[in-house]
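Counting starts at 1 for both ligands and their atoms, following the listed order. We count residues from 1, following the sequence as given.
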Amino acid sequence: MKMNWLLMTAGLAATAIAASIPALADDPILIKFAHVVAENTPKGLMAERFKELVAEKTGGDVVVQVFPNSQLFGDDKVLEAMLLGDVQLAAPTLSKFGRYTEVLELYDLPFLFEDLDAVERFQQSPLGQEMLHSVEGKGLIGLGYLHNGMKQLSASKPLRTPEDAAGLTFRIMSSEVLEAQFEALDAAPIKKSFSEVFMLLQTNAVDGQENTWSNIYSKKFYEVQPYITESNHGLLDYMVVTSAEFWNGLPDETREQVAEALDEALAYGNQIARDKAIEDKRKIAESGRTEIIELSDAERAQWVEAMKPVWQQFEGQIGRERIEAAYSANRP
Ligand code: LMR
């Protein structure tokens, strides 16, 4: 099973810390799972499925409480809160781990993956799995990847060529690669938390943003952005993360049950991600509230050319072998 390594390495520490866990018979162990997106999204639905599976598999010994829509913590605070023990599980985008590791920046490189099949191949490869360990030195444990999908560009004006984006302001997640990506277009990126995006767009405080179909749909960005360019220029995926202290402190059997529940919930969430990308795009198109711009091959090539220099900028911190391995996952 994928999580065997975690279960084994956690065994010794568990014996030492198990004494501090309340008696299972009386007091269920609580897992607070905080996230920022809506419930009807790949992450929101995965979290609910995980809650059900944990209840089933642990017979109620572990209770999961899900806090969607940034109700408990925004992505900028959730990892700090996790290290303090205020939340046990989260699944921030891979773009939001910059303070903890540089290697995950790989996933933000523009035009790296052609589709989710390529992403899946890379993530399940030894190199992709090894990257889940990259936050361990910081007291966190990466438990698995979850897909959302490919990002699209939305804006207050039509974006057909990279020149159309020049001079515009774009909300971005807290990632240096994404910052460089928009700077390569001569646009002005602004790092803001997800909970602020709708308001920023509605009040024209920023001109545009990049996100997946499911986030654009569930947070109604399409109602306040008259144009969406179907650029598929980057990936938005998640790492499910917990604190080493919490994870290693679980009794062995419980940890195994929770890990199994998560594996199943992730498989479910990954399928939802594929379905939602199609379904939510269709709903947005049918709403008539925004125009979806499809790029010709020649137009798309211009975006690739404008954004691709970002790869070289970050090669040092990400590692050339990772970039090459990820790119070659497009051609199995
Ligand atoms: C964003 O901040 O745009 C996304 O990361 C939100 C999410 O978690 O999908």
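When heavy-atom distances to ligand 1 are checked against a 4.0 Å cut-off, Asn211 comes that close only through its side chain, counted from C-beta outward. At a heavy-atom cutoff of 4.0 Å, ligand 1 is contacted by no atom of Thr212, backbone or side chain. With a heavy-atom cut-off of 4.0 Å, Asn215 touches ligand 1 through its side chain alone.
Checked for salt-bridge contact, Arg99 and Glu80 meet the test: a charged N lies under 4.0 Å from a carboxylate O. Salt bridge status for Glu210 with Arg171: absent, with no side-chain N to carboxylate O gap under 4.0 Å. Here Arg255 pairs with Asp252 in a salt bridge; the nearest charged N to carboxylate O distance falls below 4.0 Å. For Arg49 and Glu52, the salt-bridge test passes: some basic side-chain N is under 4.0 Å from an acidic carboxylate O.
Among all protein heavy atoms, the one lying closest to atom 5 (O) of ligand 1 is Thr93 CG2, 2.7 Å. What sits closest to atom 9 (O) of ligand 1 on the protein, heavy atoms only, is Tyr238 OH, 2.5 Å. Counting only heavy atoms of the protein, atom 8 (O) of ligand 1 lies nearest to Lys43 NZ, 2.8 Å. In this structure, atom 1 (C) of ligand 1 lies nearest to the protein heavy atom Phe194 CD1, 3.2 Å. The protein atom (non-hydrogen) at minimum distance from atom 3 (O) of ligand 1 is Arg171 NH1, 2.7 Å.
Ligand 1 has an N or O atom lying under 3.5 Å from an N or O atom of Lys96, backbone or side chain.
Shown in contact with Met173 at under 4.0 Å from a heavy atom are these atoms of ligand 1, numbered in order with element: 1 (C), 2 (O), 3 (O), 4 (C), 5 (O). Annotation for ligand 1: atoms under 4.0 Å from non-hydrogen atoms of Leu236 are 9 (O). Against a heavy-atom cut-off of under 4.0 Å, Val37 is close to the following atoms of ligand 1: 6 (C), 7 (C), 8 (O), 9 (O).
The closest approach between a heavy atom of Gln209 and any atom of ligand 1 is not below 4.0 Å.
Residues in residues 77-128 take part in these ring pair (Phe, Tyr, Trp, His ring centres under 6.0 Å) pairs, two or more places apart or across chains: Tyr107-Tyr145.
Lys308 forms a cation-pi arrangement with Tyr327, by the criterion of a distance under 6.0 Å to the ring centre and an angle within 45° of the ring axis.
By the 30° and 60° cut-offs, the orientation of the rings of Tyr222 relative to Tyr217 is parallel.
Residue Ile278 belongs to no hydrophobic cluster, having no ILVMFWY side-chain heavy atom closer than 4.5 Å to its own.
In the model, Asp108 has a side-chain atom that pairs as donor or acceptor with a side-chain atom of Ser95 under 3.5 Å.
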